[in-house]
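Report on the structure given below.
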Amino acid sequence: MRLIQITPTLSQNDAIFNEVCAVSEIFESEVIKCVVYAENIAKSALSSGLEIRKIETLSASDDDIILYHHSIGCKSAEIFSNLSAKRKVLYYHNITPPEFFDSNPPLQKLCRLGRSQLPMLCSAADSIAASSEYNSNELRELTRKPVTTVPIYFNAEKFLSVAPDFETVRNLSGGNYKNILFVGRIAPNKCQHNIIKIFALIKRYISKNARLFLVGTDVGNESYLSKLKAMCYAFKLDGVYFTGSVDISRLAAFYKCADVFLSMSEHEGFGVPLLEASAHGVPIVAFGCEGVENTLADSGIILKTNDLRAFAEAVWLAASSEKVRRYLISKQYERLKAFDKNETVGRLKNVLFGF
Amino acid sequence: MKAEENGSFAARQNSPVNIQQIMDEIYRRIEARGYSLEELKAIENAYSVSDSRPLGERLGSSLSRLPAISRVEYWWNMDDELDGKIKLTVKKIFRKGTYFYFKHVFDQQNDFNKTSSAAIKCLAEFCSGLELEKKRLEKRILVLEKKLSQDVKSK
């Protein structure tokens with residue numbers, strides 16, 4: 001028996017890539033052979049130690065279990081639907097609504113395709129899972145089959161064991177600055193433009209001693225990045241840093257030095273960086289979109305308003321009031337317990353093997 | 001920047017904080033801060049601003065990448081680690097076999113790319129010069145306007 005994972009794209013520093021790695025690691029330790037098939041494979045992914053193959057070469061036997069990670073439209077969805085295997089499992093990570101990508105028609109098309117493939121995938125799958133309750137509810141509207149919520153596997157101990165990059169920590173620790181952090185792809189649905197607006201308010205009305213770090217790749221969204229930079233220029237803002245994609249030790253350094261994590265995402269399927277920030281003891285201020293609310297529950301400061309002043313004040317309060325920081329961090333630690341890795345593995349086994 | 005400084009919130013609250021108190025404090029600070037509604041509106045609408053960065057900054061990495069990507073290499077890279085040895089050999093044979101057939105197309109394309117990138121670079125330099133000149137003239141206008149208003153006042 002093999003566990004075959006299929007994903008449209010494999011690229012390092014991506015939440016689905018990390019999930020694929022984690023699933024392989026869990027089941028290989030139980031002596032189940034794991035193979036990953038993908039349509040687009042980034043070179044960086046090849047050094048991960050996974051057994052990776054191109055989707056065109058996929059052949060499954062009646063003894064194999066197939067786990068399909070769905071996050072965007074692709075031909076793998078059709079291949080998965082037509083395969084015969086012992087058990088076919090759909091794992092839905094959500095798809096960004098196409099409206100967010102008006103300036104990127106090819107991506108918009110893929111998002112649309114991904115959503116249109118959902119009914120086909122649901123009917124082809126023997127078992128259906130989704131990474132958050134929000135995602136599960138979306139599928140429940142499409143199918144009568146039971147949908148199980150299996151959160152993204154988050155190993156807090158392993159994540160915290162990564163030594164932060166010394167050079168980055170040194171650079172970020174200098175001066176009496178409050179460091180505001182956001183981690184996530186540069187993308188319109190992540191609303192970095194609103195983060196910049198809030199940062200502009202902080203700089204103008206609250207304190208000059210603030211810095212903003214936007215960590216994440218801009219690949220595929222270069223025009224949006226250009227717009228963000230134009231905004232910074234128009235505001236005459238200094239202290240905004242676009243870091244691009246960073247490795248795990250630099251990421252740890254950013255979390256270590258952050259005073260507050262600010263998320264303005266208007267669409268999130270799950271929100272792994274929220275868990276990462278919580279594990280690192282960084283207080284979170286976030287716009288209350290459904291996916292974010294699902295992940296944070298009653299932890300962090302969640303604001304469901306368009307009033308940017310409220311965010312600016314919340315960010316500064318969370319960054320500078322020790323009492324508020326302590327309260328938020330303790331609530332976030334408490335929330336992390338809901339993503340206990342053993343519980344997640346149990347649910348995953350349940351959908352994969354039916355026990 | 002004077003509305004509420006660090007720690008005063010904590011000092012005022014003796015009991016442990018809860019989310020309602022945090023929310024109240026946020027809205028109290030908004031009231032006290034004195035945000036200018038005009039400026040707030042300008043910031044909120046800023047997403048649609050036209051890109052006013054200097055041309056060099058706007059072109060940024062694309063311009064510097066131009067020389068490196070303008071040449072189409074006929075002997076394209078084939079270090080695809082996912083392909084087996086047989087597939088790779090077939091690909092290499094195909095590449096060699098079609099070399100004479102496609103060479104003139106690639107030469108033509110490279111010639112075009114070389115000329116266009118040189119022209120783009122030249123235009124970018126020319127625009128940067130114009131931008132500097134525009135700034136210099138704007139400064140000059142300001143000085144002259146100041147001088148003119150002083151002359152008018154003295155008369």
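The chains referred to below are lettered A, B, ... by the order of the sequence lines, with proteins before strands, and numbering in each begins at 1.
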Legend entry - Atom pair CG/CD of A:N194 and B:E44 - distance to nearest 0.5 Å: 9.0 Å

Legend entry - More than 12 heavy atoms of other groups within 6.0 Å of B:Q108 CD: no

Inset, instruction - With the side chain counted from C-beta on, respond yes when A:L201 and B:L40 share a heavy-atom pair under 4.5 Å apart, and no when they do not. - result: yes

Inset, instruction - Carefully, step by step, assess B:E39 and A:R204 under the rule salt bridge (Lys or Arg N to Asp or Glu O under 4.0 Å). - result: CA-CA 10 Å; B:E39 196 167 20; A:R204 274 180 208 186; 2.8 Å; yes

Inset, instruction - Taking all non-hydrogen atoms of both residues into account, name the closest pair between A:A310 and B:I26 and its distance. - result: O-CG2, 3.5 Å

Inset, instruction - Find the distance between CZ (B:R29) and CD1 (A:I206) and round it off to the nearest 0.5 Å. - result: 8.0 Å

Inset, instruction - Working to the nearest 0.5 Å, report the span between CG of A:D307 and CD1 of B:I30. - result: 5.0 Å

Legend entry - Shortest non-hydrogen contact from B:Y35 toward A:A312: OH-CB, 4.1 Å

Inset, instruction - For the pair B:Y27 and A:E313, evaluate side chain to side chain donor-acceptor pair (under 3.5 Å) and give the outcome as yes or no after the intermediate values. - result: CA-CA 8 Å; B:Y27 286 100; A:E313 294 296 349; over 6 Å; no

Inset, instruction - Flag yes if more than 12 heavy atoms outside B:D151 fall under 6.0 Å of its CG atom; otherwise flag no. - result: yes

Inset, instruction - Evaluate the criterion side chain to side chain contact (heavy atoms under 4.5 Å, CB included) for residue pair B:I19 and A:K331; output intermediate values, then yes/no. - result: CA-CA 10 Å; B:I19 196 70; A:K331 291 288 271 184; over 6 Å; no

Inset, instruction - Give a yes or no on whether B:I86 atom CD1 has more than 12 heavy-atom contacts from other residues, nucleotides or ligands under 6.0 Å away. - result: no

Legend entry - Under 4.5 Å from a heavy atom of chain B, the part of A:F311 involved: neither

Legend entry - Under 4.5 Å from any heavy atom of chain B - which part of A:T305: side chain

Legend entry - Within 6.0 angstrom of B:F106 CZ, more than 12 heavy atoms from elsewhere: yes

Inset, instruction - Evaluate whether atom CD of B:E38 has more than 12 neighbouring non-hydrogen atoms of other residues, nucleotides or ligands under 6.0 angstrom away. - result: no

Legend entry - Distance (rounded to the nearest 0.5 Å) between B:E25 CD and A:L317 CG: 6.0 Å

Legend entry - Donor-acceptor under 3.5 Å (A:Y327 side chain, B:I22 main chain): no

Legend entry - A:D298 portion near chain B, given a 4.5 angstrom heavy-atom threshold: neither

Legend entry - Part of A:I302 within contact of chain B (heavy atom distance under 4.5 Å): backbone

For residues 236-246 of chain A, tabulate all N or O donor-acceptor pairs below 3.5 Å that involve a side-chain atom, not counting sequence neighbours.
residue, atom, partner, partner atom, Å
A:D238, OD1, A:K203, NZ, 3.3
A:S245, OG, A:N13, ND2, 3.0

